[in-house]
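No experiment lies behind these values; they were computed from the predicted model shown.
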Amino acid sequence: MRVLVTGGAGFIGSHIVRALTARGHEAVVLDALLPAAHPTAPPRPHGVEWYEADVRDRAAVARSLRGVDAVCHQAAMVGLGKDFADAPAYVGCNDLGTAVLLAAMAEAGVRGLVLAGSMVVYGEGRYDCPAHGRVRPGPRAAADLAAGRFEPRCPDCARELVPGLVGEEAPADPRNVYATTKLAQEHLAAAWARATDGTAVALRYHNVYGPGMPRDTPYAGVASFYRSSLARGEAPRVFEDGGQRRDFVHVRDVAAANVLALEALAGREPGLARPYNCGSGEPRTIADMALALSAAYGGPRPVVTGEYRLGDVRHITADSRRLREELGWRPEVGFAEGMAEFARAPQRAPTGARAGA
């Protein structure tokens, strides 16, 4: 199978290219290689066809699609950004870029798509109240956060809620610009599938980490922040009380999920788009992750600061059973093993980056 990987020079994209090649597939890379995201030229795997162009460049995308059987769309502006001034850049990169790609695929007759989605589309995770059952809390109040009351409370009785796993059928509730663009990408993919009899899969990634993560950038994930702090000889600074629950999934497992999804496209019903949660299935707290990383690195213990960011969700961990049952995916890198590797693995050079994969 010949697969176009947009953002194929990025953190996740480059791992997908290696995984595809290892399975005997032919990878084609389309990446803008923006200096902000790639301050030095990334290595180009032998035998992989490359197109250095922005995914919003329709002519370049059309050229990269020649002879392609399916597309693995990883190119995106990632992370939460710094403030709302980033909104036009996020929408341009993520949503306009996806629309241009899908239009070119429609013209080229390419009918298979695997999209890099995100668990951020859910907003807060699933919660149960001991008295009122399943509830959906609204955004946490600034006054509560400032007072150190971090747990969401029942909107009916104000009790603290019990977090659980979110399934793909849960309503979307994006809480920031990045999350909104990721949900829009899924809607665009679904519209494309219906209009072209194509087949789309959206893998809603959890907190992906591993070798090659960018460092020293406000657009990377929390694992990268902490790893960068340790590399500078500083203690990781843990916001709130460190009790936020997340699912840290290794990048090689995410790459394997993409390859399985691509291989399964041919057997799926045309005209459908289907989301899959992609997580390790081992919820951990932010403090757990910081402690494991510091211990493996041999650096200073994390400092719990009590600081907070408005708009951050408290707990988000999702049920990845659908991906396991329907596609046969099983994560292979355990939490302790993965963090021990990540503690010593090289990171990408510092960036002022917003674009990438």
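Atom CG of L65 and atom OG1 of T6 lie 10.0 Å apart (nearest 0.5 Å). For the atom pair Q74 CD and L4 CG, the distance stands at 11.0 Å (nearest 0.5 Å). Separating the CE atom in M213 from the CZ atom in R227 is a distance of 11.0 Å, to the nearest 0.5 Å. To the nearest 0.5 Å, atoms CZ (R44) and CH2 (W50) are separated by 5.5 Å. With rounding to the nearest 0.5 angstrom, the NE2 atom of H315 is 11.5 Å from the CZ atom of F150. A distance of 9.0 Å separates OG1 in T21 from CD in E26, rounded to the nearest 0.5 Å.
Of all heavy-atom pairs between E263 and H25, the closest is OE2-NE2, 2.8 Å. Closest approach of A19 and V259 over heavy atoms only: CB-CG2, 3.7 Å.
Within the structure, every pair that satisfies the ring pair (Phe, Tyr, Trp, His ring centres under 6.0 Å) test and touches residues 229-264, not counting sequence neighbours, is listed here: Y209-H250.
You'll find the side chain of R136 reaches within 4.5 Å of the side chain of P171, heavy atoms only. Side-chain atoms of R56 and C93, non-hydrogen and from C-beta on, do get closer than 4.5 Å to each other. The side-chain heavy atoms of S280 and D253, taken from C-beta on, include no pair separated by under 4.5 Å. In this structure, E49 and R66 have side chains that are not in contact, with every pair of non-hydrogen atoms separated by 4.5 Å or more. Counting heavy atoms from C-beta outward, C278 and V254 have side chains that approach closer than 4.5 Å.
A donor and an acceptor atom, one from each side chain of N277 and Y122, are located under 3.5 Å apart. For the 3.5 Å distance criterion, the side chains of H73 and T98 qualify, holding a donor opposite an acceptor. Side-chain polar atoms of T317 and D247 form no donor-acceptor pair below 3.5 angstrom.
Across D69, V71, L102, L101, a single residue satisfies side-chain contact (heavy atoms from CB on, under 4.5 Å) together with V110, and that is V71.
A salt bridge is absent between R252 and E332; no separation between the charged side-chain nitrogens and carboxylate oxygens falls under 4.0 Å. Salt bridge present: R314 and D241 bring a charged side-chain N and a carboxylate O closer than 4.0 Å.
When the side chains of ILVMFWY residues are joined at heavy-atom separations under 4.5 Å, either directly or via intervening members, V17 and L203 end up in a single hydrophobic cluster.
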Working note: N258 + Y205, criterion side chain to side chain donor-acceptor pair (under 3.5 Å); need CA distance, chi angles, decisive distance, verdict.
CA-CA 11 Å; N258 275 272; Y205 301 157; 3.0 Å; yes

For residues 189-202, tabulate all N or O donor-acceptor pairs below 3.5 Å that involve a side-chain atom, not counting sequence neighbours.
unit_1, atom_1, unit_2, atom_2, d
T196, OG1, W192, O, 2.7
T196, OG1, G198, N, 3.2

